[in-house]
Amino acid sequence: MKAIIDIILVALVTIYIVDLSGFTETWLSILSHYKNRKITELKPFSCSLCMVWWVCLIYAAIVGNLTIPVVALIALLSLLSVPCGQLLILIREAILKVINKLMDLL
């Protein structure tokens, strides 16, 4: 059970890093500058679906929990990477709205 929760958390962190943090855009701009041409994507690093799949598979293999049900869970998490990213954005916006309301009260 702990490994399943760990895989879900690894997937959420991966989605945050790829989609929300700006990490991949920064690296793409650095590579574009280095190569002297515009690089728009660098799969699998710019695709949250791909990154969730590979990072979770590698994590499951490292912890020794690479079974068929775990691979099925990883595939489901990969499939749901875009809606999970939207959910993270919704949570961020709700927290910012609460903070702004609290700041208005002061």
Side-chain angles (χ1 to χ4, degrees):
M1 185 67 180
K2 181 186 178 314
I4 292 173
I5 294 171
D6 287 347
I7 288 174
I8 292 171
L9 291 175
V10 166
L12 287 175
V13 168
T14 304
I15 291 167
Y16 172 77
I17 290 171
V18 172
D19 288 341
L20 303 175
S21 71
F23 178 77
T24 55
E25 289 85 8
T26 303
W27 276 105
L28 287 175
S29 68
I30 291 170
L31 284 174
S32 294
H33 181 70
Y34 178 73
K35 293 282 191 175
N36 292 327
R37 63 182 172 92
K38 181 71 174 166
I39 299 174
T40 57
E41 66 179 8
L42 187 63
K43 286 195 176 186
F45 303 109
S46 60
C47 171
S48 62
L49 187 144
C50 302
M51 283 300 289
V52 168
W53 172 255
W54 290 112
V55 168
C56 288
L57 271 180
I58 291 168
Y59 176 79
I62 287 172
V63 297
N65 197 20
L66 194 61
T67 62
I68 296 296
V70 169
V71 171
L73 174 67
I74 293 170
L76 179 66
L77 289 172
S78 297
L79 179 69
L80 296 175
S81 65
V82 173
C84 287
Q86 296 297 323
L87 180 65
L88 290 174
I89 291 171
L90 181 70
I91 291 169
R92 179 182 65 188
E93 294 299 322
I95 290 171
L96 287 175
K97 193 170 190 176
V98 167
I99 290 172
N100 285 334
K101 293 272 186 186
L102 291 173
M103 294 301 287
D104 290 340
L105 292 176
L106 296 176

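Just so we're clear, the structure is a prediction, and the values are computed from it rather than from any experiment.
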For residues 5-23, which residue pairs pass the side chain to side chain donor-acceptor pair (under 3.5 Å) check, not counting sequence neighbours? Lys2-Asp6, Asp6-Tyr59, Asp19-Ser48
Can Ile89 and Leu20 be said to form a side chain to side chain contact (heavy atoms under 4.5 Å, CB included), step by step? CA-CA 8 Å; Ile89 291 171; Leu20 303 175; 3.2 Å; yes
Measuring from Leu12:CG to Leu87:CG, what's the distance to the nearest 0.5 Å? 8.5 Å
Minimal non-hydrogen separation, Asn65 against Ala3, with atom names: ND2-CB, 2.8 Å
Identify whether Leu73 and Val71 are in the same connected component of the hydrophobic contact network (ILVMFWY, side-chain heavy atoms under 4.5 Å). yes
Is Val82 reachable from Val55 through a run of hydrophobic residues whose side-chain heavy atoms are each under 4.5 Å from the next? no
Would you say CD1 of Ile68 has more than 12 non-hydrogen atoms from neighbouring residues, nucleotides or ligands within 6.0 angstrom? no
Co-members of Ile62 in a cluster of I, L, V, M, F, W and Y side chains, linked at under 4.5 Å: Ile58
Kindly list each side-chain donor-acceptor pair under 3.5 angstrom involving residues 96-104, sequence neighbours excluded, with atom names and distances?
| unit_1 | atom_1 | unit_2 | atom_2 | d |
| --- | --- | --- | --- | --- |
| Asn100 | ND2 | Leu96 | O | 3.3 |

Between Ile15, Val13, Leu57, which is the residue that forms a side chain to side chain contact (heavy atoms under 4.5 Å, CB included) with Val52? Ile15
If Ile, Leu, Val, Met, Phe, Trp and Tyr residues are connected whenever their side-chain heavy atoms lie under 4.5 Å apart, and connections chain through other members, are Leu80 and Leu9 in the same group? no
From CD1 (Ile7) to SG (Cys56), nearest 0.5 Å: 6.0 Å
Could you please spell out the steps behind the side chain to side chain contact (heavy atoms under 4.5 Å, CB included) verdict for Leu79 and Trp53? CA-CA 9 Å; Leu79 179 69; Trp53 172 255; over 6 Å; no
Rounding to 0.5 Å, atoms CD (Glu93) and CG (Leu88) come to a distance of 12.0 Å
hydrophobic_cluster_shared for Val70 and Leu49, side chain cutoff 4.5 Å: no
So CG of Leu90 and CZ of Arg92: to nearest 0.5 Å the spacing works out to 10.5 Å
